[in-house]
Trainee: 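My questions will all concern the structure given below.
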There are 2 protein chains.
Amino acid sequence: MNQELTTNEVIHRLQEHGVNPTRQRIDIAKVLFARPQHLSADDVMRSAQREGANISKATVYNTLSLFSSKGLVREIIVDPSRVFYDTNPTTHHHFYNIDTGELLDFDASLLQLTNMPHLPPGTVADGVDVVIRIRNASYQ
Amino acid sequence: MNQELTTNEVIHRLQEHGVNPTRQRIDIAKVLFARPQHLSADDVMRSAQREGANISKATVYNTLSLFSSKGLVREIIVDPSRVFYDTNPTTHHHFYNIDTGELLDFDASLLQLTNMPHLPPGTVADGVDVVIRIRNASYQ
DNA sequence: CTGTGTGCAAAGCTTTTGCACTACT
DNA sequence: AGTAGTGCAAAAGCTTTGCACACAG
């Protein structure tokens with residue numbers, strides 16, 4: 001049904017990022033990299049189980065956090081107690097629909113940021129996140 | 001000690017925003033509007049208790065959420081399970097120091113956003129949040 | 001007396017921690 | 001055997017819900 005990645009493809013991708021490819025990590029990576037998407041930890045958990053994997057919730061959380069620190073996925077924080085993991089590897093920003101909770105990408109090159117302010121002394125920039133909050137027009 | 005707002009000033013401000021000024025809401029508002037600041041729900045809870053107020057955690061959460069919907073404070077979401085409530089009423093964006101968890105304001109006029117992307121059909125913009133993530137230089 | 005609004009204990013989440021286990025050296 | 005790395009049950013922490021109470025009409 002699903003266009004699935006082979007186990008070897010996934011193992012290779014994990015190793016490229018310095019992640020030891022264990023069974024649980026491979027199962028989670030298969031879910032994440034099936035296509036570019038935004039998933040919560042719980043989404044990942046359930047997708048993995050639907051594919052027959054047996055992984056604890058703690059491991060899902062710890063693995064997503066590991067993948068994030070290794071640059072395999074990107075954490076997006078737009079909603080209290082709802083972290084999304086973004087598997088789109090390109091530089092982009094987000095629309096966040098506050099009525100539906102939906103998260104949509106837009107290419108970073110569409111938006112020009114000029115006159116960046118001076119950073120506080122002793123700090124360096126790590127990244128810029130732009131979130132455009134939107135509502136459904138009909139809701140007024 | 002503290003430069004405190006009078007109860008009447010606070011009541012007036014709540015009423016201006018259509019919020020019924022109950023005892024708990026007045027206590028919370030006094031904490032919030034003592035000066036422009038970034039506070040988590042737990043910070044608010046503890047400051048209120050330090051001032052002698054006796055309010056449950058649930059009420060603090062519900063009240064902050066109410067104030068936010070009425071435009072009295074602004075929710076900032078930069079950290080998983082850590083929502084900040086910002087009492088600075090001017091339009092501004094944020095630096096977020098990922099090493100220290102510190103949140104700093106910078107004036108929105110310092111940053112020019114041009115070439116705003118087209119919004120998805122049927123939606124209207126509600127606001128734009130820019131978060132510049134920074135690290136301490138020494139940490140490398 | 002009825003209906004709306006408010007506050008909070010308890011329930012329900014999400015996330016983190018600490019430890020048992022594994023797998024290399 | 002010793003050491004570093006891994007997975008997960010249980011603990012902790014944050015947020016929401018549902019109900020009891022208060023208050024206005």
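In the text below, chain A, chain B and the rest are named by the order of the sequence lines, each starting its count at 1. Remember, it's a predicted structure, so these values are computed and weren't measured experimentally.
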Trainee: Whole angstrom is fine here: how far is it from CD1 in B:Ile77 over to C1' in D:dT15?
Mentor: 13 Å

Trainee: If you check the B:Lys57 side chain, which of D:dG7, C:dT15, D:dT15 turns out closest?
Mentor: D:dT15

Trainee: Would you tabulate the nitrogen or oxygen pairs shorter than 3.5 Å linking the protein to nucleotides 17-24 of chain C?
Mentor:
none

Trainee: Quick one: is B:Tyr61 getting a side-chain N or O under 4.0 Å of the D:dT16 phosphate, OP1 or OP2?
Mentor: no

Trainee: Round to the nearest Å and state the distance from A:Asp42 atom CG to C:dT14 atom P.
Mentor: 5 Å

Trainee: Quick one: A:Leu14 CG to D:dG5 P, roughly how many Å, whole number?
Mentor: 17 Å

Trainee: Please report, rounded to the nearest Å, how far the C1' atom of D:dT15 is from the CD atom of B:Glu75.
Mentor: 11 Å

Trainee: Name the closest nucleotide to the A:Ser56 side chain, picking from D:dT16, D:dT6, D:dC8.
Mentor: D:dC8

Trainee: Parallel under 30°, tilted from 30 to 60°, perpendicular over 60°: which one fits the rings of A:His92 and A:His38?
Mentor: tilted

Trainee: Students often get this wrong, so: under 4.0 angstrom with heavy atoms, is B:Thr22 touching a base, only sugar-phosphate, or nothing?
Mentor: sugar-phosphate

Trainee: So, B:Asn62 versus B:Ser65: side-chain donor-acceptor pair below 3.5 Å or not?
Mentor: no

Trainee: Looking only at the side chain of A:Ile55 (C-beta and beyond, no hydrogens), which of the listed nucleotides D:dT15, D:dC8, D:dG5 gets closest?
Mentor: D:dC8

Trainee: Measure the distance from CD on A:Gln24 to P on D:dG5 and round it to the nearest whole Å.
Mentor: 17 Å

Trainee: Using atom CZ of B:Arg25 as one end and atom C1' of C:dT6 as the other, report the distance to the nearest whole Å.
Mentor: 6 Å

Trainee: Residues two or more places apart in sequence or in another chain: which of them pass side-chain contact (heavy atoms from CB on, under 4.5 Å) with B:Gln49?
Mentor: B:Met45

Trainee: When you measure from the side chain of B:Arg25 to the backbone N and O of B:Asn20, does any donor-acceptor pair fall under 3.5 Å?
Mentor: yes

Trainee: To the nearest Å, how far apart are A:Lys70 NZ and D:dT6 P?
Mentor: 9 Å

Trainee: Dump the intermediate steps for side chain to side chain contact (heavy atoms under 4.5 Å, CB included) on A:Lys30 and A:Thr7, then the final yes or no.
Mentor: CA-CA 8 Å; A:Lys30 277 186 184 171; A:Thr7 301; 2.9 Å; yes

Trainee: Can you tell me how far CG of A:Asn54 sits from OG1 of A:Thr59, rounded to the nearest 0.5 angstrom?
Mentor: 10.0 Å

Trainee: Without decimals, in angstroms, what is the distance between A:Leu66 CG and D:dG7 C1'?
Mentor: 12 Å

Trainee: Heavy atoms only: give me the nearest A:Leu119-A:Ala125 pair and the separation to one decimal.
Mentor: CD1-N, 3.3 Å

